[in-house]
Amino acid sequence: MIMTTLSLPQTRQLHAQILRTTLFLDPTRLLSLYANHLCFSDADRLINSIQHPDVFSFSTLIHAYSKLGRFTEAITSFSRMIFNHGLLPDTRLLPSVIKACGGLNDLRGGKQVHGFSVASGLSQDSFVQSSLLHFYVKCHHMSYAHKLFDVMTQPDVVSCSALVSGYAREGSVKEAKMVFGMMAEMGIEPNLVSWNGMVAGFNQSRHHLEAVMMFQNMHFSGFKPDGTTISSVLPAVGDLEDLLIGVQIHGYTCKQGLGSDKFVVSALIDMYGRCSSTMEMSQVFHEIPDKDIGAWNALVSGFARNGLIDDALNAFNQLRNKELELNVVSWTSIIACCSQHGKDIEALDLFREMQLYGVKPNVVTIPCLLPACGNIAALMHGKAAHAFSLRTAISDSVYVGSALIDMYANCGRIHLARTCFNRMRVHNIVCWNAIMGGYAMHGNANEVIEIFHLMEKSDQKPDCITFTSLLSACSHSGFTEQGEQFFNRMYKDFGIKPRIEHYACLVTLLGRAGKLKEAFSTIENMPFEPDACVWGALLSSCRVHSNIKLAEVAAKKVFELEPNNPGNYVLLSNIYANKGLWKEVAKVRDLMKSMGMKKNPGCSWIEIKNKVHMLLAGDVSHPQMIKILEKMDDLSMEMKKLGCLPVTSFVLQDVEDQEKEHILCGHSEKLAVVLGLLNTSQGSTLQVIKNLRICGDCHDFIKFVSKFEQREIFVRDTNRFHHFKDGLCSCGDYW
DNA sequence: ATAGGGTTAG
């Protein structure tokens, strides 16, 4: 009949005529017409108007829904068929329903349908079996998939390929290869799709070497790779940083004329980026006639990956001026780039902007953004991102969870970090390390050790980062003996060889406790060539205990190993200044000058009413600066009244006392605290982040403020958190 | 009537 070619208006007209004239027509035909025209509302209304719809009518509708990926509607119709009309599916309907369950990743629903098919005997049908197998592979349920495979009477190449690629994607190398081998025994020739599934699967499970080897096997078996193969193997090549293979594959794609395949091109750019070949990367990019969004994204992240931040930002800005529509990957890449390279405020701005452009952040965007919030303690922004992940149901991801823990810990809200940790159902090593690192930064060694015991009781094995947290927590809290015990147990009980950073922790641990000689002999006897961190740890300990002699030894080494880090010179100079050795201070200053070095400018951040303020030492450009200085003067007066004189030994220069005081006024953490006092309500907590270690004078000043103004004040410096309350600091004045 | 493989963000 001509009916199959009717247009939508014609269909509607026909429908109207039927209703008017009670002309007989099988309603299912009409239904299928509506479904084919994607007129689901009409189709739905029609099926509801039929008094006794049959399975075939429902099948028509459900097939159409399933085919178009409208899985929820497919399932809804299916339930209505069963519960409202008491109809049962047949072998023709089940595959569509199972496909819909797979599309929704609804393992429970799929299992129910599976159960029904077994009970009703329909599971003998090869179509039903095949669709169930695909369903279980899709839902990462390989044991069920394999069971089904075993009962299949005549598995074909499609089912075999699905099983193989499923195993490969799960990282079950042995099983994937076994099934692949079985195919030959069963006389089933693997085809291009089988090979591609293998390569892509191994790539996705990060078995990069296996993926490349499969690619080579495929070549030896006489298969010609296509664009899909190439774009699946290139990420693996990039991860292995095997430029030689990469270049060969690049040559092959040119010869095969695959240069216009957008997947291949993006993968090539990405591969060169991962192999640190940025020149080749740019060249491939510039040679593309039609640069699609994937190519641009790969370019941006390639620059960022290689530390070429300005190039990445440039490329991103160029991309924004194109006609192309930016996708979530574009925004996430640039946000990650910013938050990983000290451009935290930019990252927050970009996050807001992407949403203004209607691009929805996803499960990757949030963990890319959160470090930026943590870096500058932008708690409100971090909380907003947290709320977003709860709303969009991505907070279950371990990536999101561990990033949230880090963020809250970095914002000084360790109890919120703990709440996030406790609420997570699955903890991987990153989560454990995040919460332990958080408590360590807050100087709460008891809690770190307690969590470590919880971890030991769970199945989670510690790694080297776990021990870095344990050791640094012990050193921040002065748990010297416990720290030494952990250091000794690392290898003995857990098989983890201490790395150089663990030795640095040990040096700090001993140094803080005043055991400078032991710290020094630790350095002399360690199995590595000591690096600047290790000597720097000793130098810092010498500052805490004012040991000039050892400080000079350590400084000499640090200057050799890290001649261009101004922080080291400042540290030594402060040690001299603390003892009033102004000649030596001047010497260090001249040395810095002769090397063309300047003290890194101190910088602090404070979030007030959702806005992050940045304050630079000595910078008077803040609009409220006059008020800040007035308040600071008042507070200094009060301090003097109470007999707390400012500690002037922490100033680098040898100047008159009054001027020293003036320089001290300019320290960024002080400015930030006072700005916070002026702009927040009485009694509320302040939170300041500083890019350098807090200075002694500011430390005293903030202790005083915490008591005088009755405020809790958190200051995070490069080392740790200082929690000021009632005139005391959680660091116990050792830092 | 059912069923197959791909890139770029952590």
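Every residue two or more places apart in sequence or in another chain that forms a side-chain hydrogen bond (donor to acceptor under 3.5 Å, both in side chains) with A:R206 is listed here: A:D239.
For an aromatic pair to be called close, the ring centres must be under 6.0 Å apart, and A:F58 with A:H85 satisfies this. With ring centers used as reference points, A:F285 lies under 6.0 Å from A:W296. Not less than 6.0 angstrom separates the ring centroid of A:F215 from the ring centroid of A:W195. Taking the six-membered ring for Trp and the full ring otherwise, A:F135 and A:H114 have centroids separated by 6.0 Å or more.
Side chains of A:N306 and A:D311: no donor on one and acceptor on the other come within 3.5 Å.
Using a 4.0 Å heavy-atom distance criterion, A:S165 is classed as making no nucleic acid contact. At a threshold of 4.0 angstrom between heavy atoms, the contacts of A:S333 are confined to the sugar-phosphate backbone, with no base atom among them. Here A:D90 lies out of heavy-atom contact (under 4.0 Å) with every strand. Residue contacts for A:A200: at a heavy-atom cut-off of 4.0 Å it reaches the sugar-phosphate backbone alone, with no base atom in range. Counting any heavy atom pair closer than 4.0 Å across all strands shown, A:L192 reaches a base atom. At a threshold of 4.0 angstrom between heavy atoms, the contacts of A:D125 with the nucleic acid are absent. Within 4.0 Å of A:S232, counting heavy atoms only, lie sugar-phosphate atoms of the nucleic acid but no base atom. Contact annotation for A:R169: no contact, since no heavy-atom pair falls under 4.0 Å across all strands.
For A:K147 and A:Y136, the positive end is not near the middle of the six-membered ring at less than 6.0 Å and at most 45° from its axis.
Of the residues in residues 246-284 of chain A, those placing a heavy atom less than 4.0 Å from an atom of DNA chain B are A:D261, A:F263, A:V264, A:S266, A:D270, A:R274, in numerical order.
Looking at every heavy atom in both residues, A:A347 comes nearest to A:A372 through CB-CB, 3.8 Å. For the residue pair A:V233 and A:A211, the shortest heavy atom distance occurs at CG2-O, 4.1 Å.
Using a 4.0 Å cutoff to heavy atoms of chain A, the contacted part of DNA chain B runs 5' to 3' from B:dA1 to B:dG10.
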